[in-house]
S.K.: 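This is the structure I want to talk about, given as structure tokens.
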Amino acid sequence: RVQLKESGGGSVKAGESLRLSCEVWEYTYRTYCMAWFRQAPGKEREGVAVIDSEALTSVADSVKGRFTISQDKDKNIMYLQMNNLKPEDTAMYYCAADTRTSWDDCYIRVASEFRSWGQGTQVTVAS
């Protein structure tokens, strides 16, 4: 089973940047869908950005223009570059992975449809 581990979280001030990393082990999917989700206290887990094995990407409207998802296939790492962070970005950030049949299948996928998850990394943004 795919193993995922996030890193790069921390405490920053509004307007600053962070880059999250998601390392992937025992990856056996020829085609895949990987995503970043976040969950703030008392709120549901929400999708932030998604990328597939063809490097197609999509980000949520709430972070569009500020967050960028990317991957380094040689290193088996997925990234989330977060710029101009806002207090409302404060949350635990998780990476997720699963197979995919097409981009249409990937970019609309919700949290319950991913089988592999990391433990999360905390991002805290102070005003």
Side-chain angles (χ1 to χ4, degrees):
R1 186 168 200 162
V2 175
Q3 295 187 53
L4 308 173
K5 182 178 181 181
E6 305 92 339
S7 62
S11 297
V12 297
K13 295 181 180 179
E16 294 183 342
S17 299
L18 283 172
R19 187 177 78 161
L20 305 184
S21 298
C22 174
E23 294 182 78
V24 185
W25 286 278
E26 299 181 27
Y27 195 85
T28 59
Y29 303 150
R30 189 173 65 85
T31 57
Y32 56 82
C33 180
M34 293 188 67
W36 287 99
F37 287 81
R38 66 185 181 186
Q39 188 166 20
K43 295 188 176 181
E44 292 187 358
R45 192 166 295 190
E46 65 169 341
V48 176
V50 63
I51 190 167
D52 79 346
S53 45
E54 302 300 316
L56 295 173
T57 64
S58 180
V59 296
D61 288 343
S62 59
V63 303
K64 195 164 291 183
R66 300 188 298 122
F67 290 13
T68 303
I69 188 171
S70 63
Q71 61 186 343
D72 185 328
K73 288 189 174 183
D74 291 335
K75 296 181 179 179
N76 287 337
I77 300 177
M78 177 178 67
Y79 300 102
L80 184 68
Q81 177 66 45
M82 306 186 296
N83 298 328
N84 189 23
L85 282 159
K86 302 177 180 181
E88 52 263 41
D89 295 319
T90 294
M92 185 72 78
Y93 284 71
Y94 300 89
C95 63
D98 210 320
T99 58
R100 71 126 177 88
T101 56
S102 67
W103 173 242
D104 289 342
D105 161 54
C106 176
Y107 86 96
I108 63 172
R109 194 173 293 189
V110 297
S112 61
E113 296 173 302
F114 284 90
R115 289 177 289 179
S116 298
W117 289 86
Q119 295 298 309
T121 185
Q122 178 68 38
V123 172
T124 303
V125 185
S127 58

S.K.: For T68 and Q81, indicate whether the former's side chain and the latter's backbone hold a donor-acceptor pair under 3.5 Å.
M.R.: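 A pair under 3.5 Å: no.
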S.K.: Donor-acceptor pair, T90 side chain versus V125 backbone, under 3.5 Å?
M.R.: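 Answer holds: yes.
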S.K.: Look at atom NZ of K75 and say whether more than 12 heavy atoms of other residues, nucleotides or ligands are closer to it than 6.0 Å.
M.R.: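 Open: at most 12 neighbouring heavy atoms sit under 6.0 Å from NZ of K75.
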S.K.: So, for V2 and A97, which heavy atoms are closest and what is the spacing to 0.1 Å?
M.R.: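 Smallest heavy-atom distance, with atoms named: CG1-CB, 4.5 Å.
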S.K.: Between S53 and Y32, is there a donor-acceptor pair closer than 3.5 Å when you use the side chain of the first and the backbone of the second?
M.R.: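 Side chain of S53 to backbone of Y32, a donor-acceptor pair under 3.5 Å: yes, one is there.
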S.K.: Hey, does the side chain of E6 reach the backbone of Q119 with a donor-acceptor pair shorter than 3.5 angstrom?
M.R.: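 Confirmed, E6 side chain pairs with Q119 backbone.
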S.K.: Using the six-membered ring wherever Trp is involved, compare the ring planes of Y93 and F67 and label them parallel, tilted or perpendicular (cut-offs 30° and 60°).
M.R.: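 Rings of Y93 and F67: tilted, as their planes differ by 30° to 60°.
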S.K.: To the nearest 0.5 Å, how far apart are CG in L4 and SG in C22?
M.R.: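 SG of C22 is found 4.5 Å from CG of L4.
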S.K.: With clusters defined by side-chain heavy atoms of hydrophobic residues (ILVMFWY) lying less than 4.5 Å apart, directly or transitively, does M78 cluster with M82?
M.R.: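 Same cluster: M82 reaches M78 through Ile, Leu, Val, Met, Phe, Trp or Tyr contacts under 4.5 Å.
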S.K.: Look only at the side chain of K43 and the backbone of R38, and say whether a donor-acceptor pair between them is shorter than 3.5 Å.
M.R.: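 Checked: no pair found.
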S.K.: Do the side chains of L85 and E16 get nearer than 4.5 Å, heavy atoms only?
M.R.: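 SC-SC contact between E16 and L85 ruled out.
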S.K.: Kindly give the heavy-atom pair with the smallest separation between A49 and L80, and that separation in Å.
M.R.: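 Minimum heavy-atom contact is CB-CD1, 4.1 Å.
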S.K.: Run N76 and W25 through side-chain contact (heavy atoms from CB on, under 4.5 Å) and show every step you take.
M.R.: CA-CA 8 Å; N76 287 337; W25 286 278; over 6 Å; no
S.K.: Under 3.5 Å, is there a donor-acceptor pair between the side chain of Q71 and the main chain of D52?
M.R.: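 Flag set: sc Q71 to bb D52 pair under 3.5 Å.
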S.K.: Going hydrophobic residue to hydrophobic residue with side-chain gaps under 4.5 angstrom, can you get from V50 over to M34?
M.R.: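 No; M34 is not reachable from V50 via cluster members.
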S.K.: R109 and D98: side-chain contact (heavy atoms from CB on, under 4.5 Å), yes or no, with the steps?
M.R.: CA-CA 10 Å; R109 194 173 293 189; D98 210 320; 3.3 Å; yes
S.K.: How far does OG1 of T99 sit from CZ of R115, to the nearest 0.5 angstrom?
M.R.: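 Going from the OG1 atom of T99 to the CZ atom of R115 covers 5.0 Å.
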S.K.: Quick check on the hydrophobic clustering: are V24 and Y94 connected, directly or via other members, by side-chain heavy-atom contacts under 4.5 Å?
M.R.: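 Different clusters.
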S.K.: Taking the side chain as every heavy atom from C-beta outward, state whether N83 and S17 have any pair of such atoms under 4.5 Å apart.
M.R.: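 N83 reaches S17 side chain to side chain.
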S.K.: L18 and I69: same hydrophobic cluster, using ILVMFWY side-chain contacts below 4.5 Å?
M.R.: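 In one cluster: yes.
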S.K.: Which label fits Y107 and W103: parallel for a plane angle under 30°, tilted from 30 to 60°, or perpendicular past 60°?
M.R.: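 Aromatic pair Y107/W103 classed parallel.
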S.K.: If hydrophobic clusters are built from ILVMFWY residues whose side chains come within less than 4.5 Å, do F114 and V48 share one?
M.R.: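 Each belongs to a different hydrophobic cluster.
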S.K.: Kindly compute the distance separating CD1 (I108) from OG (S58), expressed to the nearest 0.5 Å.
M.R.: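 One gets 11.0 Å once the value is rounded to the nearest 0.5 Å.
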S.K.: What are the two closest heavy atoms between A14 and S127, and how far apart are they?
M.R.: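 Taking A14 first and S127 second, the nearest heavy atoms are CB-CA, 4.3 Å.
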S.K.: Would you give the length of the straight line joining atom SG of C95 to atom CD1 of I77, rounded to the nearest 0.5 angstrom?
M.R.: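 These two atoms lie 11.0 Å from each other.
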S.K.: Taking the basic N atoms (NZ, or NE/NH1/NH2) and the acidic carboxylate oxygens, is any pair closer than 4.0 Å for K86 and D89?
M.R.: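 So K86 does not pair with D89 through a salt bridge.
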S.K.: Assign the ring pair F37 / W117 to parallel, tilted or perpendicular, where the plane angle (0 to 90°) is split at 30° and 60°.
M.R.: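 Tilted.
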S.K.: Once you round to the nearest 0.5 Å, how far does CD of E23 lie from NZ of K5?
M.R.: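 It is 7.0 Å, given to the nearest 0.5 Å.
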